[in-house]
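So the structure is just underneath, and the comments pick up after that.
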Amino acid sequence: MILIGERINGSFKDIGAAIKEKKKAPIQEWAKKQTEAGADYLDVNLGAVSKSPEDFSWLIKTVCEAVPTPLSVDCNKLELMRAGLETHREVAGSRPLIINSTTAEESKLMPLVELAVKYDGGLIGVVMDERGSPQDVDRRVELGAKIFAVASEAGLTPDRIYLDPIVMPLKFMQEQGKNVLEAIRQFAMISDPPPHISVGLSNICSKAEERGLINRTFLVMAMAAGCDAAICNVMDTELVNAVATAELILNKEIYSDSYLKAYRKRA
Amino acid sequence: MPVTIPDVKKTWTNTINRVTLGATKEEGGTRTKRVTVGGATSLPFHHFEGAMPHPSVIAMEVWNVAPQDWPAVLAEHFRDVWHDPGLWAKKCVEQYGADLICLRLAGCDPVGQNRGPQEAAQAVKRLLESVGVPLIVWGTGNDDKDNEIFPAVAEAASGENCLLGTITEDNYKTLVALCTAYKHKLIAESPCDVNIAKQVNILATDMGFKPEDIVMYPTSAALGYGLEYVYSVMERARLAALRGDKMLSQPMICDIGIEVWGVKEARASEQELPEWGEQTERGPLWEATTAYVYLLTGADILVLRHPQAVASVREAIKQLMGDGLK
């Protein structure tokens with residue numbers, strides 16, 4: 001399971017303030033904490049705090065300096081993404097990275113696939129287009145297949161393509177949970193070997209009371225369907241424990257009595 | 001119609017840990033030779049898929065007491081030297097080309113001569129004086145006795161970067177602490193069980209021991225005596241390691257001589273079992289064949305006894321490496 005730590009995001013108050021005041025410490029602390037908790041990648045996102053390429057570059061540099069953990073470079077502005085990726089190459093060289101994200105819209109998909117090729121990165125493809133987010137299974141799979149086809153044609157191997165089925169809030173869109181799981185099952189059949197399948201986990205528990213329980217129950221179900229990556233709160237010990245246990249049940253990791261420790265030492 | 005054969009090459013994400021044994025003068029020891037194992041990026045000898053930078057190596061077994069029960073076809077090669085572990089080791093290195101010496105502290109076995117820590121340490125020192133290759137020191141397998149003798153052994157070999165063993169799930173703290181203090185590498189033993197193999201590695205690393213300083217001993221069995229079970233366990237560990245499991249990424253050691261020379265196929269003379277053919281050929285062949293199998297499932301260090309088996313296995317490694325050696 002590829003765990004992408006969600007915490008370095010300008011939408012969180014402390015990170016937002018740190019970006020504004022150019023304070024490295026709070027950001028680097030989260031980079032270290034998430035790495036120790038078992039994050040494979042660290043998502044890095046300015047949030048709504050800034051639209052400046054300089055700020056994005058500074059944020060990426062700040063995280064790369066603190067830990068060797070690879071980044072998921074996260075923004076939806078092409079210009080910012082270019083600046084961020086260039087900075088990443090300067091400070092982190094050939095360290096692996098994920099570009100987060102494209103949609104199936106032509107105007108986004110082509111340039112982002114090109115960036116993924118240019119910067120040797122993985123690419124998350126969210127299955128939406130100009131018509132918005134799909135509400136059913138078929139549309140999700142159709143857009144997933146389109147993203148996969150365009151990315152493959154440009155030279156991205158399946159292990160560099162991450163399809164995101166768009167997780168929706170359980171509390172408000174209860175019927176979507178089942179659709180997302182079915183879409184994951186079908187994504188897994190798009191190619192052999194299949195692409196990665198990644199979820200933005202925290203959406204599932206939006207505004208609900210039992211957030212932790214909903215998150216980990218959904219993630220385990222998604223893993224059983226074929227999901228192998230999640231942007232999530234890696235500081236949630238119970239969540240990571242559930243992932244480690246699900247990996248054993250799916251026979252992806254070898255059991256040992258101290259497997260929870262082993263899971264955190266895997267990197 | 002031409003047939004297109006699909007490309008079935010695997011790419012693996014992880015590398016088996018490299019473990020270097022022995023310390024030269026510059027590194028604070030007295031060894032004239034170091035031995036590195038591990039570093040593989042594919043299954044054994046799959047040179048078309050990845051690299052195997054360090055071919056498997058052969059350790060020959062030396063005891064700190066003259067063995068009582070070795071069959072004549074084996075004993076005849078060592079009877080002239082086994083009163084002195086130093087001479088024994090010298091013969092193994094100079095005459096038979098052993099890459100390493102594995103000192104088995106059989107003389108300390110409580111059900112045998114029950115020798116003490118100082119005598120064990122003396123044997124280690126004698127070996128270190130006599131040969132320049134790196135040293136493996138294997139305990140008695142009796143937990144209490146091993147914990148009594150290893151402090152003196154680890155100290156006597158201080159700075160020499162030896163491989164000491166074994167720790168198990170139930171007895172690991174003393175030896176892990178000693179290997180940390182005296183900078184030796186460690187053999188982690190498990191009873192033909194991949195889950196416990198992983199567990200022992202976690203226990204050692206939990207005490208702060210580096211996972212890169214461990215060699216796994218997944219138990220060995222002779223051909224005909226459960227070898228296929230051990231093969232599967234080793235194969236599963238190696239596959240998990242190449243897929244990224246850091247707690248199974250250690251090189252593996254196989255203790256073959258002791259197993260093979262305990263079974264009737266190697267021990268029985270042709271007078272006892274005339275239909276099985278000459279023991280002088282059959283014994284070493286049984287030992288070498290057992291070793292070949294383990295080579296194919298990822299053995300990095302093979303502990304052997306018979307000079308003829310050593311020669312055959314060395315030749316097999318050379319042939320299996322083929323162009324991979326370049």
Side-chain angles (χ1 to χ4, degrees), chain A residues 1-4 35-41 67-70 94-98 120-122 152 155-162 191-196 223 226 228-230 240-241 243-267, chain B residues 6-17 49 167-170 172-173 176 188-214 216 218 232-250 252 298:
Chain A
M1 191 69 183
I2 299 164
L3 297 179
I4 306 169
T35 299
E36 280 161 24
D40 298 286
Y41 286 83
V67 290
T69 317
S94 60
R95 203 190 288 187
L97 89 153
I98 295 177
D120 277 333
S152 302
L156 295 190
T157 47
D159 64 325
R160 286 170 63 187
I161 303 170
Y162 294 72
S191 69
D192 183 18
H196 292 294
M223 287 171 72
D228 67 347
V240 176
N241 287 351
V243 167
T245 309
E247 295 266 66
L248 296 181
I249 294 169
L250 293 168
N251 200 21
K252 289 188 171 176
E253 295 278 339
I254 289 188
Y255 177 86
S256 65
D257 284 342
S258 302
Y259 72 90
L260 294 177
K261 272 184 192 157
Y263 193 74
R264 285 170 174 80
K265 284 184 184 180
R266 72 196 187 282
Chain B
D7 185 1
V8 291
K9 267 187 223 155
K10 286 280 287 185
T11 33
W12 303 97
T13 52
N14 197 23
T15 304
I16 304 305
N17 298 342
E49 281 184 350
I167 59 161
T168 61
E169 196 179 11
D170 302 319
Y172 61 94
K173 289 184 179 159
V176 170
E189 175 176 355
S190 50
C192 190
D193 182 319
V194 73
N195 308 112
I196 297 177
K198 186 167 172 174
Q199 181 67 9
V200 182
N201 289 339
I202 298 169
L203 292 172
T205 52
D206 254 7
M207 287 180 66
F209 200 76
K210 282 198 261 166
E212 296 79 16
D213 287 346
I214 297 173
M216 288 191 285
S232 308
V233 166
M234 290 175 65
E235 185 180 48
R236 208 164 156 227
R238 187 50 60 95
L239 286 169
L242 292 168
R243 287 193 192 111
D245 195 327
K246 300 286 183 195
M247 285 300 146
L248 287 169
S249 298
Q250 291 68 17
M252 294 186 278

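These numbers were taken from a predicted model, which means no experiment stands behind them. Throughout, protein chains are lettered first and strands after them, A, B, ... in sequence-line order, and every chain is numbered starting at 1. Basis for what follows: all heavy atoms, side chains included, without hydrogens, waters or symmetry-related copies.
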Counting only heavy atoms closer than 4.5 Å, note whether B:Ser249 contacts chain A via side chain, backbone, both or neither.
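Contact with chain A: none, neither part.
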Identify which part of B:Leu248 has an atom lying under 4.5 Å from any heavy atom of chain A, answering side chain, backbone, both or neither.
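Answer is side chain: those atoms of B:Leu248 sit under 4.5 Å from chain A.
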Enter the distance from [X]:[atom1] to [Y]:[atom2] here, rounded to the nearest 0.5 Å.
| X | Y | atom1 | atom2 | result |
| --- | --- | --- | --- | --- |
| B:Asp193 | A:Tyr255 | CG | OH | 10.5 Å |
| B:Asn195 | A:Asp257 | CG | CG | 8.0 Å |
| A:Lys252 | B:Arg243 | NZ | CZ | 11.0 Å |

For each of B:Leu203, B:Asp206, B:Asp245, tally heavy-atom pairs with chain A at distances under 4.5 Å, and name the one with the top tally.
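Highest number of pairs under 4.5 Å: B:Asp206.
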Heavy-atom distances under 4.5 Å only: say whether A:Asp159 touches chain B with side chain, backbone, both or neither.
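Interface part for A:Asp159: neither.
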Using modelled atom types and a 3.5 Å cut-off, is there a donor and acceptor pairing between side-chain atoms of B:Lys198 and backbone atoms of A:Ile254?
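Yes: the side chain of B:Lys198 pairs with the backbone of A:Ile254.
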